[in-house]
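Reminder, nothing fancy here: chain letters follow the sequence lines and each chain counts from 1.
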Amino acid sequence: MRDIITSTTMVDAYAQLGDLAVARAIFDEMPERNSVTWSVLISAYGKNNGRESLRLFLRMDLEGFRAEEMTYVAVLDACSSAAAVAEGRIIHESVLDRGLSRDLRIGSALVDFYGKCGQLETARLIFSELPIQDVILWTALITSYAHNGHLPEALAIFREMLLAGILPDCVTIVSVLSACSHGGVEGDGWIHVVRMAWDYDLELSLAHYLCVMDLLGRSGKLELLEDLVTSMPFEPDVVAWTTLLSACKEIGDERRAARAARKLREMDSNAMAPYALLSNMHAGVANAED
DNA sequence: TTAGGGTTAG
């Protein structure tokens, strides 16, 4: 018989692999569970099935297990992704009742929750009432404003963070670059953000490159964009080629668009998106010539 | 800090 820690680890491992059915089967067969086991399963459902995550949270409570800090984090994430505003508020009350409102991890999850629900003032209030504000908490607040289309405010909070002496991490940079590309910055201001990542020796991920590609595409710098797609230290994925193809469509660069479309077809011969984009583009060019 | 997800998106 496997012990509780081994089984819990297996539930988590399968959940991380994306095999929720196996994770659930192991969980269901466990002769006994504890708070961590419940927390792991609640986490597992959080992003893609917030409702099930919430049901499990209630069941855990009914079976007499006490939620821990990480359980609150997991279930608040479920509330964010399921847009379960009323449930999230009740969980917030429970956090207050339990005297856990000064916990930085729960605080970040609450800022994220209220931010995703569009309640920015509440998010801001929770942020400022926490005993300390670290880079993760700042990033959660920046993301909240960006998520609701308040891009200048998101960038202002980023500057506020830097003034407070908090260094950005790689997640902050993705969040800020994404805010820039959604219209927060005119011109090439985003280049300073990339330089900052470089200066602070942050490891750039594919997500960073995708943000920069988006920004280059929006400013019509197709040559730089194509260079970046083909020379970056990551294998370009469907998103990367689609970014290039969409940017070419905007400008009407048919040759470059054809190269991107060919790559997309190589990656997925059933994909219809490249055909649709290309044919729209030909139609657009033809209309312009009329 | 004994097994666990505080912040990145279309």
Side-chain angles (χ1 to χ4, degrees), chain A residues 2-16 18 23 26-27 30 32-48 50 53 56 60 65 67-81 95 100-116 123 126-127 130 132-148 154 157-158 161 166-182 193 197 202-214 237-240 242-243 246 273:
Chain A
R2 288 193 294 261
D3 68 15
I4 195 162
I5 295 181
T6 309
S7 301
T8 303
T9 306
M10 287 176 68
V11 171
D12 186 47
Y14 278 103
Q16 299 288 332
I26 296 168
F27 176 89
M30 285 173 72
E32 56 167 353
R33 309 174 184 117
N34 61 20
S35 302
V36 178
T37 319
W38 280 97
S39 181
V40 165
L41 196 68
I42 290 166
S43 293
Y45 281 102
K47 280 268 188 286
N48 62 22
S53 186
L56 286 164
M60 178 190 81
F65 292 95
E68 297 182 310
E69 284 86 339
M70 294 312 281
T71 326
Y72 281 110
V73 169
V75 78
L76 281 167
D77 186 47
C79 292
S80 307
S81 47
V95 167
L100 295 172
S101 60
R102 290 171 66 81
D103 185 285
L104 201 50
R105 296 162 298 178
I106 296 178
S108 306
L110 281 168
V111 167
D112 181 59
F113 164 72
Y114 282 110
K116 294 224 167 89
I126 291 166
F127 171 90
L130 281 160
I132 58 162
Q133 286 80 30
D134 69 359
V135 62
I136 296 180
L137 186 62
W138 277 101
T139 305
L141 192 66
I142 292 167
T143 306
S144 294
Y145 278 80
H147 185 89
N148 288 281
I157 295 166
F158 178 53
M161 180 190 99
I166 305 291
L167 298 182
D169 68 6
C170 35
V171 178
T172 321
I173 299 290
V174 172
S175 188
V176 172
L177 284 176
S178 155
C180 291
S181 74
H182 288 83
V193 182
L202 298 175
E203 199 175 330
L204 295 179
S205 66
L206 179 60
H208 292 93
Y209 283 89
L210 292 174
C211 287
V212 171
M213 282 171 205
D214 198 52
D237 62 358
V238 171
V239 180
T242 306
T243 303
S246 312

Nearest-Å distance, CG (A:Leu206) to P (B:dG10)? 14 Å
Starting at atom CG of A:Leu177, determine the distance to atom P of B:dG10, rounded to an integer number of angstrom. 12 Å
Looking at A:Glu69 and B:dG6, is any side-chain donor or acceptor paired with a base atom of the opposite kind under 3.5 Å? no
Taking the minimum atom-to-atom distance to the side chain of A:Thr71, which one of B:dT8, B:dG4, B:dG6 wins? B:dG4
Over all atoms of both residues, closest heavy-atom pair of A:Asn34 and A:Phe65: CA-CE2, 3.7 Å
Distance in angstrom units between A:Trp138 CH2 and B:dG6 C1', rounded: 16 Å
Closest to side chain of A:Ser175, choosing from B:dG6, B:dG4, B:dT8: B:dT8
Is it the case that B:dG6 (base atoms only) and A:Asp134 (side chain only) share a donor and an acceptor within less than 3.5 Å, ignoring hydrogens and angles? yes
Starting at atom CG of A:Leu100, determine the distance to atom C1' of B:dG6, rounded to an integer number of angstrom. 14 Å
With heavy atoms under 4.0 Å as the rule, sort A:Ser39 into base, sugar-phosphate or nothing. base
In whole angstrom, what separates A:Tyr45's OH from B:dG4's P? 19 Å
Roughly how many Å is it from CE in A:Met30 to P in B:dA3, rounded to a whole number? 14 Å
A:Asn34 has its side chain closest, among B:dA9, B:dA3, B:dT7, to B:dA3
When you compare B:dA3 with B:dT8, how far apart are their C1' atoms, in angstrom units rounded to a whole number? 26 Å
Where the side chain of A:Val40 is concerned, which of B:dT8, B:dT7, B:dG4 is the nearest nucleotide? B:dG4
Check whether any side-chain N or O of A:Lys47 sits under 4.0 Å from OP1 or OP2 of B:dG10, and answer yes or no. no
Remember a base hit wins even if backbone is also touched, and classify A:Gly46 as base, sugar-phosphate or nothing at under 4.0 Å, heavy atoms. base
Please check if the side chain of A:His208 supplies one atom and the backbone of A:Cys170 the other of a donor-acceptor pair under 3.5 Å. yes
Which part of the nucleic acid, if any, lies within contact of A:Ala207, taking any heavy atom under 4.0 Å across all strands shown: a base, the sugar-phosphate backbone alone, or nothing? base
Decide if the gap between the ring center of A:Trp38 and the ring center of A:Phe27 is smaller than 6.0 angstrom. yes
Shortest non-hydrogen contact between A:Asp169 and A:Thr139, atoms and distance: OD1-OG1, 4.3 Å
Of the nucleotides B:dA3, B:dT7, B:dG4, which has the atom closest to the A:Asp112 side chain? B:dT7
Out of B:dT7, B:dG4, B:dG6, which has the shortest distance to the side chain of A:Val73? B:dG6
Using atom C1' in both nucleotides, what's the gap between B:dT2 and B:dT7 to the nearest angstrom? 26 Å
Can you tell me if A:Thr71 uses its side chain to pair, donor with acceptor, with the backbone of A:Glu68 under 3.5 Å? yes
Which listed nucleotide (B:dA3, B:dG6, B:dA9) is nearest to the side chain of A:Thr9? B:dA3
Tell me: NE2 of A:His208 to C1' of B:dA9, nearest whole Å? 13 Å
Where the side chain of A:Glu68 is concerned, which of B:dA9, B:dG4, B:dG6 is the nearest nucleotide? B:dG4
Quick note, A:His182 side chain, CB onward, closest among B:dG10, B:dG4, B:dT7 is B:dG10
Base, sugar-phosphate or nothing for A:Asp77? Non-hydrogen atoms, less than 4.0 Å. base
Any donor-acceptor pair under 3.5 Å linking the side chain of A:Ser81 with the backbone of A:Gly46? yes
Between A:Leu130 (CG) and B:dT7 (C1'), how many Å, whole number? 13 Å
If you check every side-chain atom of A:Asp169, which of B:dA9, B:dA3, B:dT7 has the closest atom? B:dT7
Roughly how many Å apart are B:dA9 and B:dG4, using the P atom of each and rounding to a whole number? 26 Å
What distance do A:Leu110 atom CG and A:Ser101 atom OG have between them, rounded to the nearest 0.5 Å? 9.0 Å
